Amino acid sequence: MNIIIQKFGGTSVATEELRERVAKKVICSKEEGKAPVVVVSAIGRSGDPYATDTLIGLANRAFKEQSSRELDMIMACGEVISAVIMANTIKALGYEAVALSGLQAGIITDKYHGDAEVVQVDCEPILNLIKEGKIPVVTGFQGATMTGDITTLGRGGSDTTAAILGEALKADIVEIYTDVDGVMTADPRLVPEAKVIDNICYDEIYQMAEDGAKVVHPRAVEIARRGSLTLKIKNTFSDAPGTIINGNMGFKGSSYRNANEDNLLTAIAHKNGITQFTVSFNEDSVEESEKFMNELTNKHISIDLINFFTDRKVFTVDEKNAEKLELLLKSLGYKFKVTAGCSKITAIGHKIRGVPGVMARIVKALASQDVKILQSSDSHTTISCLVKQSDMEKAVNALHQEFNLSR
Ligand code: ADP
Ligand code: MG
């Protein structure tokens, strides 16, 4: 059926002029004989009248302790407004379009409000519209439970909607339109010479997204990988070719033995708002460690950059969990040290597997900028360093330059 999913982020639908641009891109697909299914985010970013954060603020002003069910109802409004306006913009250009909420589009989720997971998609409503020659315009970021309660899919949820619909409708491709030319070697807001990556594999973009590169949401990548779906990241504001995301690793088993090899790294990602904890332990007993971990699990505190030693445990948490954790540690009588205001910088590349000397280059590059590494960790394809947030920009640029990523 030649279905193509075209998802447009908040900045892409922010003004009338842009919405017209978006409508023309959709119409262009239709004219090429494809069946476009449009997914839209709420209009604009934080502070704009219909943006998600604005709606949450409005609800919080009336009553702070509202239920997550009602919070989901108000959050879902942003995309509803956006879908109606986008459908109208397409109609104004002479094409038939129909706005659909998540529920109307057949997106069924579990009942975890605020972070619901899609469990089923009923494709009928969308397929019927396509058969009638109409363009469905679906609200991103939301679905509904079996019993019809509105749910939202968590931050970046519109990317998830696009991937879920792509999988369910067996789309040829899922295009994610945003405000940059594609997936880049670093956030272009920090690194002006960051370069577009033409083709990237699921594993690498997943790592990048998990480690802070906002350009696509990790859950959308997971769904794409599961369904062997091709994603394309494109710019609404330009006609740049964009980035193709698929299973192609981009190199065919070539061995990299030397840390000075070209193209060793693919990208540098960063994540702000991290707090480091160092908790002292008197005795190195398994029971004590187990008890400690159970307490964290019970309080739903997930930890990262984990280094455990016999006399102390060092790890990080998202800063929004820091206060909760401090209270917990105090109540349990632990001695601990807190370092707030940190950033995690991650170097990503599937070619670094087993190559000696990569960390040495990272240490040297950061030292040359007087950036102190507070902690580090690595996997087969990543090396992460924790630094002070005030050093973040310097650190990302130093690594980008050290590994010649702008070439
Ligand atoms: P949208 O509203 O379209 O979903 P997002 O703000 O979620 O857009 O994602 C796009 C932003 O991601 C860009 O403006 C850019 O600043 C940021 N970004 C962070 N890391 C990267 C990267 N490696 N490549 C491209 N963009 C990135
Ligand atoms: Mg986004």
Side-chain angles (χ1 to χ4, degrees), residues 5-15 18-19 21-22 25 38-48 50-54 78-79 82 86 139-142 152-163 174-201 204-221 224 231-238 240-245 265-273 343-349 382 392-393 395-397 399-400 403 405-406:
I5 313 289
Q6 296 185 295
K7 179 255 163 176
F8 298 90
T11 43
S12 300
V13 292
T15 66
L18 280 169
R19 290 192 288 271
R21 207 184 157 94
V22 165
K25 282 190 190 284
V38 183
V39 176
V40 285
S41 297
I43 292 173
R45 286 216 167 119
S46 185
D48 291 341
Y50 311 115
T52 312
D53 289 317
T54 312
E79 277 71 16
S82 196
M86 203 57 241
T139 53
F141 177 63
Q142 59 179 278
T152 63
L153 311 179
R155 285 281 138 151
S158 294
D159 294 345
T160 307
T161 303
V174 175
E175 292 184 341
I176 294 181
Y177 284 88
T178 183
D179 59 356
V180 286
D181 278 345
V183 176
M184 304 184 75
T185 48
D187 188 341
R189 282 172 215 252
L190 295 180
V191 182
E193 62 273 21
K195 216 181 64 181
V196 176
I197 301 166
D198 301 330
N199 196 311
I200 190 165
C201 63
E204 285 187 322
I205 185 67
Y206 182 82
Q207 276 304 335
M208 285 177 71
E210 270 288 311
D211 288 317
K214 264 176 46 186
V215 64
V216 59
H217 197 270
R219 209 181 266 181
V221 177
L231 302 180
K232 208 168 190 183
I233 310 294
K234 299 194 72 162
N235 195 343
T236 307
F237 304 79
S238 82
T243 299
I244 292 174
I245 301 173
L265 284 191
T266 303
I268 311 291
H270 71 280
K271 204 180 212 175
N272 294 333
S343 295
K344 180 183 169 186
I345 314 290
T346 305
I348 296 143
T382 62
M392 183 273 292
E393 196 163 340
V396 174
N397 276 285
L399 296 188
H400 196 270
F403 289 93
L405 289 179
S406 50

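Counting starts at 1 for both ligands and their atoms, following the listed order. Here the structure is a predicted model, which is why all the values come from computation and not from measurement.
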Less than 3.5 Å apart, N/O on ligand 1 and N/O on the protein: could you list those pairs with the distances?
{"residue": "ligand 1", "atom": "2 (O)", "partner": "G10", "partner atom": "N", "Å": "3.4"}
{"residue": "ligand 1", "atom": "3 (O)", "partner": "T178", "partner atom": "OG1", "Å": "2.8"}
{"residue": "ligand 1", "atom": "4 (O)", "partner": "K7", "partner atom": "NZ", "Å": "3.4"}
{"residue": "ligand 1", "atom": "6 (O)", "partner": "R45", "partner atom": "NH2", "Å": "2.5"}
{"residue": "ligand 1", "atom": "6 (O)", "partner": "K214", "partner atom": "NZ", "Å": "3.3"}
{"residue": "ligand 1", "atom": "8 (O)", "partner": "R45", "partner atom": "NH2", "Å": "3.3"}
{"residue": "ligand 1", "atom": "8 (O)", "partner": "T178", "partner atom": "OG1", "Å": "3.1"}
{"residue": "ligand 1", "atom": "14 (O)", "partner": "D179", "partner atom": "OD1", "Å": "2.8"}
{"residue": "ligand 1", "atom": "14 (O)", "partner": "D179", "partner atom": "OD2", "Å": "3.4"}
{"residue": "ligand 1", "atom": "14 (O)", "partner": "R189", "partner atom": "NE", "Å": "3.4"}
{"residue": "ligand 1", "atom": "14 (O)", "partner": "R189", "partner atom": "NH2", "Å": "2.6"}
{"residue": "ligand 1", "atom": "16 (O)", "partner": "D187", "partner atom": "OD1", "Å": "2.8"}
{"residue": "ligand 1", "atom": "16 (O)", "partner": "R189", "partner atom": "NE", "Å": "2.5"}
{"residue": "ligand 1", "atom": "23 (N)", "partner": "M184", "partner atom": "O", "Å": "2.9"}
{"residue": "ligand 1", "atom": "24 (N)", "partner": "M184", "partner atom": "N", "Å": "2.9"}

Test side-chain hydrogen bond (donor to acceptor under 3.5 Å, both in side chains) applied to E175 and Q6, K7, K232, K25, the passing residue: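 Option passing the side-chain hydrogen bond (donor to acceptor under 3.5 Å, both in side chains) with E175: Q6.
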Distance, nearest 0.5 Å, that separates CD1 of I205 from OG1 of T243: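 OG1 of T243 is found 7.5 Å from CD1 of I205.
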Value rounded to 0.5 Å, distance of NZ in K195 from CE in M184: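 K195 NZ to M184 CE: 10.0 Å, rounded to 0.5 Å.
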Test: K271 and D187 ion pair at under 4.0 Å: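 A salt bridge is absent here (no side-chain N lies under 4.0 Å from a carboxylate O).
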Given V174, I5, D159, the one that forms side chain to side chain contact (heavy atoms under 4.5 Å, CB included) with L231: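 Only match with L231 under side chain to side chain contact (heavy atoms under 4.5 Å, CB included): V174.
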Any side-chain donor near an acceptor of the partner, E204 and T266, under 3.5 Å: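 Yes, side-chain donor-acceptor contact under 3.5 Å.
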